[in-house]
Amino acid sequence: MSGLYVRRGIFLTAVLFCISPWASPPVALAVGLGLALTLGHPFKQHNSKVTKYLLQVSVVGLGFGMNFSQVVSTGKTGIMFTVVSIMGTLAVGYLIGRLLKVSKKTSYLVSAGTAICGGSAIAAVAPVIDADEKDVAISLGTVFILNSVALFVFPVIGHVLGLTGEQFGMWSAIAIHDTSSVVGAAAQYGSDALAIATPVKLTRALWIVPIALLTAVVVRNKSAKISFPYFIVLFVLASVVVSVFPAGKTVYSGVVSVAKTGLTLTLFFIGAGLSREILKSVGLRPVVQGIALWCIVSVVSFVVIRSLSL
């Protein structure tokens, strides 16, 4: 029992560090990963819910840092890339899965997670195709591992290749899986990148609904329950408030600051959610599929973005 109290004390100390000015998104993720793989998560049963709602609240808070016209403009710019990249990713993912002989359901979940928004897409699509716990665990583990790598690697690659803030924002929104890692990587790169990445990624996240509905039609699952990501609507409403009531700039700035801290804490919880069991359950083939698909999406989107001088 005393050992549990010690673990909880260390964990809560880490939480306090992650909301301090000294913590950054990649550092918070690394701290979470370190604790997960050494001491373990003392509050593991609550981690997924805390992560989910903290991310959503943080994203809504970021909406107070954006003008509505900016959100609309960015969404229009990214919609072509969204449609083409989602459909292309699902198609290529299917082919790679067949080539590597990955389970059909696992392969589809990995592809959907890569195409739309990582764990949220997997969670939405899994019940539609009647995926079992193992399929979900493997696909979530694969996407999670790649997400963690992306948060560290993408900003470095962006600087090495000389991407502008706008280019990096668009690239990260397309090529990184989860909303949390997209916003975290963009926040590291700068305010210009964050202003592009957030609305583009949220536009992609809205495709959870049509993709899930289409999947239900294909697999003929009439009883499938599909949840709508309402927090995206709240994000848009926050940007509307900023446009209609510009006098509250000081308050909005404070809300955005708290939201960025919330995002950093979210990444800590995501890291803490990883376990040795997840790593063992993933297996090699789904990871190879995820890496191959991720590399293809990253390279193709990078080439297109650079060629169009976004």
Side-chain angles (χ1 to χ4, degrees), residues 18-19 21 23-29 54-79 81-82 117-118 120 147-148 150-206 229 231-232 234-243 246 249-268 270 298 301-302 305 310:
C18 290
I19 62 177
S24 63
V27 170
L29 179 64
L54 185 57
L55 170 62
Q56 292 179 357
V57 171
S58 299
V59 167
V60 173
L62 291 175
F64 285 97
M66 299 181 185
N67 187 282
F68 179 67
S69 60
Q70 178 187 17
V71 173
V72 172
S73 175
T74 303
K76 287 181 179 179
T77 302
I79 193 166
F81 294 99
T82 297
C117 58
S120 299
N147 246 332
S148 302
L151 186 62
F152 291 103
V153 171
F154 266 62
V156 175
I157 294 176
H159 286 299
V160 169
L161 297 178
L163 293 180
T164 64
E166 291 82 0
Q167 289 173 330
F168 183 83
M170 184 69 72
W171 185 48
S172 61
I174 293 173
I176 300 179
H177 308 77
D178 274 341
T179 302
S180 55
S181 291
V182 169
V183 179
Q188 292 180 64
Y189 211 79
S191 57
D192 289 342
L194 184 62
I196 294 291
T198 305
V200 171
K201 189 60 180 181
L202 294 182
T203 300
R204 293 176 71 81
L206 286 173
F231 74 98
I232 298 176
L234 295 178
F235 169 85
V236 174
L237 289 177
S239 69
V240 171
V241 170
V242 172
S243 302
K249 188 174 181 180
T250 302
V251 175
Y252 303 148
S253 178
V255 172
V256 171
S257 179
V258 172
K260 289 181 179 179
T261 300
L263 176 66
T264 300
L265 188 57
T266 300
L267 292 168
F268 165 76
I270 288 176
S298 299
S301 59
F302 173 80
I305 290 169
L310 293 175

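These figures come from a predicted structure and were not determined experimentally.
Nearest heavy atom pair, residue T266 against residue S180, reads CG2-CB, 4.4 Å. The two atoms that bring A175 and S301 nearest to each other are CB-OG, 4.1 Å, heavy atoms only. Scanning all heavy atoms of the two residues, the minimum distance from A150 to P155 falls at O-CD, 3.8 Å. Residue G162 comes nearest to Q167 through the heavy atom pair O-OE1, 4.3 Å, listed as atom of the first residue, atom of the second, then distance.
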Trace of the side chain to side chain contact (heavy atoms under 4.5 Å, CB included) decision for L234 with Q56
CA-CA 9 Å; L234 295 178; Q56 292 179 357; over 6 Å; no
Give the C-alpha distance, both sets of side-chain angles, the deciding distance and a yes or no for side chain to side chain contact (heavy atoms under 4.5 Å, CB included) between I19 and T264.
CA-CA 7 Å; I19 62 177; T264 300; over 6 Å; no
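Residues F152 and L29 have side chains in contact (heavy-atom distance under 4.5 Å, counting atoms from C-beta outward). Using a 4.5 Å heavy-atom threshold, the side chains of I174 and R204 count as touching. Residues F268 and L265 meet the side-chain proximity criterion, which asks for heavy atoms closer than 4.5 Å. Between K201 and I176 there is no side-chain heavy-atom pair separated by less than 4.5 Å.
Distance check: F64 CZ to S253 OG gives 12.5 Å after rounding to the nearest 0.5 Å. For the atom pair S148 OG and H177 NE2, the distance stands at 10.5 Å (nearest 0.5 Å). Atom CG in L151 sits 10.5 Å away from atom OG in S172 (nearest 0.5 Å).
Here the rule is side-chain contact (heavy atoms from CB on, under 4.5 Å) with W171, and of I196, I157, V182, V200 only I157 fits it.
N147 places a side-chain N or O within donor-acceptor distance of the main-chain N or O of D178, the cut-off being under 3.5 Å.
Ring planes of F168 and Y189: parallel class, angle under 30° (limits at 30 and 60°).
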